[in-house]
Amino acid sequence: LKLEEPIDQQIKAEEDRKEREKQAKIEAEQKRVADLQARIENMRTLALSLAGCDSAAIDRGIAHAEKWVIDDSFAEFQQTAQDVKDASLNRLSEMRAAAIAHEAEQTRIKAEREELAKLRKAEEERQAAERRGVRHRDGARRAGPGQSPAPAGPQRNTPPARSRSP
């Protein structure tokens, strides 16, 4: 029994070592797959992260996505990575077109608002000038023909100055 114990311990130690190696390989494979999936997920979320951005930001996103290299480092996920890259670039292109259209619409609306403000101001000035003209004509009618209209503002009833003859 004493002779078998050291041999049994060696066998168990070897089995434990093999199990640790096997577990390390499994963990390494899980990490490799998780890293590849994370890379693919980062490619997938680029378009989402640029939602609502202006066309310049989306252009930068497109340039970034075009630099993605889909090679053998993706191993069995290479086709998936290529599909995600293509889909991301397509989505970014659609987003860019929408952003450009939105920016053009915003520019048009701004120009219309500015034009409307100018027209309102011109109309207000015309109406103010018209009111001044009506007041002026009314004053001329009260004064009678050939007389100048009474000046606007408060008027005093003062008797005409007497002339003193010596």
Side-chain angles (χ1 to χ4, degrees), residues 27-166:
E27 289 172 5
E29 177 63 10
Q30 288 173 338
K31 183 181 179 332
R32 182 188 73 79
V33 169
D35 289 346
L36 290 173
Q37 289 174 336
R39 286 172 64 191
I40 292 170
E41 187 60 26
N42 286 338
M43 293 186 326
R44 187 176 281 125
T45 60
L46 177 64
L48 293 174
S49 70
L50 293 173
C53 290
D54 63 8
S55 61
I58 295 171
D59 282 340
R60 289 189 298 275
I62 290 171
H64 177 72
E66 287 173 340
K67 292 178 185 174
W68 291 335
V69 176
I70 309 301
D71 56 13
D72 292 340
S73 68
F74 283 93
E76 69 271 21
F77 297 103
Q78 187 172 2
Q79 186 59 50
T80 301
Q82 186 64 52
D83 293 345
V84 168
K85 177 183 178 178
D86 294 343
S88 293
L89 283 169
N90 287 336
R91 179 68 184 126
L92 289 169
S93 293
E94 292 169 0
M95 289 170 58
R96 181 180 182 277
I100 288 172
H102 177 73
E103 291 163 3
E105 180 67 10
Q106 292 303 310
T107 301
R108 185 190 63 76
I109 288 170
K110 182 181 177 186
E112 284 180 3
R113 285 182 181 156
E114 289 171 355
E115 181 63 24
L116 185 58
K118 286 178 189 177
L119 292 174
R120 283 183 183 150
K121 185 177 179 182
E123 180 62 18
E124 288 170 2
E125 289 173 357
R126 185 193 64 75
Q127 288 177 357
E130 189 175 287
R131 285 190 297 271
R132 284 191 303 272
V134 167
R135 278 190 237 131
H136 180 72
R137 283 191 306 269
D138 286 349
R141 273 191 234 129
R142 283 188 208 125
Q147 296 178 352
S148 64
Q155 297 178 3
R156 287 195 230 147
N157 272 339
T158 55
R162 294 185 198 172
S163 63
R164 291 187 182 170
S165 304

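- Of the options Leu89, Asn42, Leu46, a side-chain contact (heavy atoms from CB on, under 4.5 Å) to Trp68 is made by Leu46 and by none of the others.
- Using a 4.5 Å heavy-atom cutoff, the side chains of Arg39 and Met43 are not in contact.
- Electrostatic pairing of Lys31 and Glu27 does not count as a salt bridge here, judged by no charged N lying under 4.0 Å from a carboxylate O.
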Report the C-alpha distance between Lys121 and Glu124 in whole Å, list the side-chain angles of each, state the deciding distance to 0.1 Å, and finish with yes or no for salt bridge (Lys or Arg N to Asp or Glu O under 4.0 Å).
CA-CA 5 Å; Lys121 185 177 179 182; Glu124 288 170 2; over 6 Å; no

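- To the nearest 0.5 Å, atom CD1 of residue Ile40 and atom OG1 of residue Thr45 are 12.0 Å apart.
- For Arg91 against Ala47, the heavy-atom pair with the smallest separation is CG-CB, 3.7 Å.
- Counting heavy atoms from C-beta on, the side chains of Gln82 and Lys85 come closer than 4.5 Å.
- Between the side chains of Glu123 and Gln127, a donor-acceptor pair is found at a separation under 3.5 Å.
- Nearest heavy atoms, Cys53 versus Ala99: O-CB, 4.0 Å.
- Within 6.0 Å of CZ in Arg113 there are 12 or fewer heavy atoms belonging to other residues, nucleotides or ligands.
- Residues Gln78 and Asp71 come closest through the heavy atom pair CD-O, 3.4 Å.
- Across all their heavy atoms, Leu50 and Gly61 have their closest contact at CD1-CA, 3.7 Å.
- Between Ser73 and Leu36, the closest heavy-atom pair is O-CD2, 3.2 Å.
- Counting only heavy atoms from C-beta outward, the side chains of Glu41 and Val84 never approach each other to under 4.5 Å.
- Contact annotation: the side chain of Phe74 never approaches that of Thr80 to less than 4.5 Å [non-hydrogen atoms, C-beta and beyond].
- Ion pairing of Arg108 with Glu112 is present here, as a side-chain N (NZ or NE/NH1/NH2) and a carboxylate O approach within less than 4.0 Å.
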Verdict with reasoning, His102 to Asp54, per side chain to side chain contact (heavy atoms under 4.5 Å, CB included)
CA-CA 9 Å; His102 177 73; Asp54 63 8; over 6 Å; no

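- Expressed to the nearest 0.5 Å, how far CD1 of Ile100 lies from CG of Asp59 amounts to 6.5 Å.
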